[in-house]
Amino acid sequence: VEPQEVPVRKMIREVLESLEFFPGADRIQVTLDVPDDLRVTTDATRLKMIMSNLVSNAFKYSDPQKENSEVRITSEQNDACLSLTVEDNG
């Protein structure tokens, strides 16, 4: 485990780019509501792996039958706690 400062929004963008060719990804509207300057000190590799799993599951379980299939990624920070939320409309 090697903690380092991770720019959260940039890391999430990298995850989204890696899922660009996920089946049906072109029909999913992604909303990213995470501040540009949000940073967290953690193991970057593990955080990216966790986010990749959550986002790919959201892609997989979003409802392609709905007119607007959506995945929303949000953050909330208070004191020393950061919460990242990945939601789909499936």
Side-chain angles (χ1 to χ4, degrees):
V1 177
E2 294 210 18
Q4 62 189 52
E5 190 174 85
V6 177
V8 177
R9 186 178 178 96
K10 180 181 179 209
M11 181 268 306
I12 294 171
R13 286 241 177 251
E14 290 170 2
V15 167
L16 291 170
E17 287 174 16
S18 74
L19 296 171
E20 181 179 3
F21 298 107
F22 191 92
D26 57 328
R27 296 186 311 258
I28 299 172
Q29 172 66 41
V30 176
T31 303
L32 181 55
D33 188 13
V34 175
D36 287 330
D37 62 346
L38 180 61
R39 297 183 180 283
V40 63
T41 301
T42 188
D43 184 308
T45 303
R46 289 187 179 168
L47 179 59
K48 191 170 186 177
M49 186 183 315
I50 291 166
M51 286 305 297
S52 182
N53 288 339
L54 291 172
V55 174
S56 65
N57 282 344
F59 275 30
K60 187 185 303 182
Y61 295 109
S62 66
D63 189 347
Q65 303 303 319
K66 291 187 178 174
E67 188 173 321
N68 295 317
S69 190
E70 180 181 18
V71 170
R72 181 174 177 84
I73 304 167
T74 59
S75 67
E76 185 176 321
Q77 186 173 20
N78 52 32
D79 298 327
C81 184
L82 171 65
S83 174
L84 294 171
T85 304
V86 180
E87 301 173 272
D88 63 73
N89 66 340

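Counting from 1, the numbers follow the sequence of the chain as shown. Because the structure is a prediction, the values reported are computed rather than measured.
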Engineer: Rounded to the nearest 0.5 Å, how far apart are CG of L84 and CG of D33?
Structural biologist: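 Rounded to the nearest 0.5 Å, the CG-CG separation comes to 11.5 Å.
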
Engineer: Is it the case that more than 12 heavy atoms not belonging to F22 sit under 6.0 Å from its CZ atom?
Structural biologist: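 Count over threshold, so yes.
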
Engineer: I'd like to know if the side chain of R9 and the backbone of V34 have a donor-acceptor N/O pair within less than 3.5 Å.
Structural biologist: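 Here the side-chain-to-backbone pair exists.
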
Engineer: Tell me yes or no: between the side chains of T85 and E76, is some donor less than 3.5 Å from an acceptor?
Structural biologist: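 No, no side-chain donor-acceptor pair sits under 3.5 Å.
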
Engineer: State the CZ-OG distance between R13 and S18, to the nearest 0.5 angstrom.
Structural biologist: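 Atom-to-atom, R13:CZ and S18:OG are 13.0 Å apart.
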
Engineer: Which heavy atom in P3 sits nearest to a heavy atom in T41, and how many Å separate them?
Structural biologist: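 In terms of heavy atoms, the two residues are closest at CB-CG2, 4.1 Å.
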
Engineer: Within this structure, what is the CZ-CD distance for the pair R72 and E87, rounded to the nearest 0.5 Å?
Structural biologist: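 These two atoms lie 7.0 Å from each other.
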
Engineer: Do you know the tightest heavy-atom contact between L16 and F59?
Structural biologist: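 L16 and F59 have their closest heavy atoms at CD2-CZ, 4.2 Å.
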
Engineer: Please round to the nearest 0.5 Å and tell me the distance separating atom OG of S62 and atom CG of N89.
Structural biologist: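 Output value for this atom pair is 6.5 Å.
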
Engineer: Of all the heavy-atom pairs spanning S52 and L19, show the shortest one and how long it is.
Structural biologist: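 So the minimum-distance heavy-atom pair works out to O-CD1, 4.4 Å.
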
Engineer: Kindly give the heavy-atom pair with the smallest separation between L54 and V86, and that separation in Å.
Structural biologist: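 Closest heavy-atom pair between L54 and V86: O-CG1, 3.9 Å.
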
Engineer: Quick check on the hydrophobic clustering: are L32 and I28 connected, directly or via other members, by side-chain heavy-atom contacts under 4.5 Å?
Structural biologist: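 Same cluster.
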
Engineer: Identify the heavy atoms of M11 and K48 that sit nearest to each other, and give their distance.
Structural biologist: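 M11 and K48 have their closest heavy atoms at SD-CA, 3.8 Å.
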
Engineer: Tell me whether the count of non-hydrogen atoms from other residues, nucleotides or ligands lying under 6.0 Å of CD in Q29 goes above 12.
Structural biologist: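 For Q29, atom CD is not crowded (no more than 12 foreign heavy atoms under 6.0 Å).
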
Engineer: Distance from T42 atom OG1 to L82 atom CG, nearest 0.5 Å?
Structural biologist: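 That separation rounds to 9.5 Å.
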
Engineer: Using 0.5 Å steps for rounding, measure from the CD atom of Q4 to the CG atom of D43.
Structural biologist: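 Here the interatomic distance stands at 7.5 Å.
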
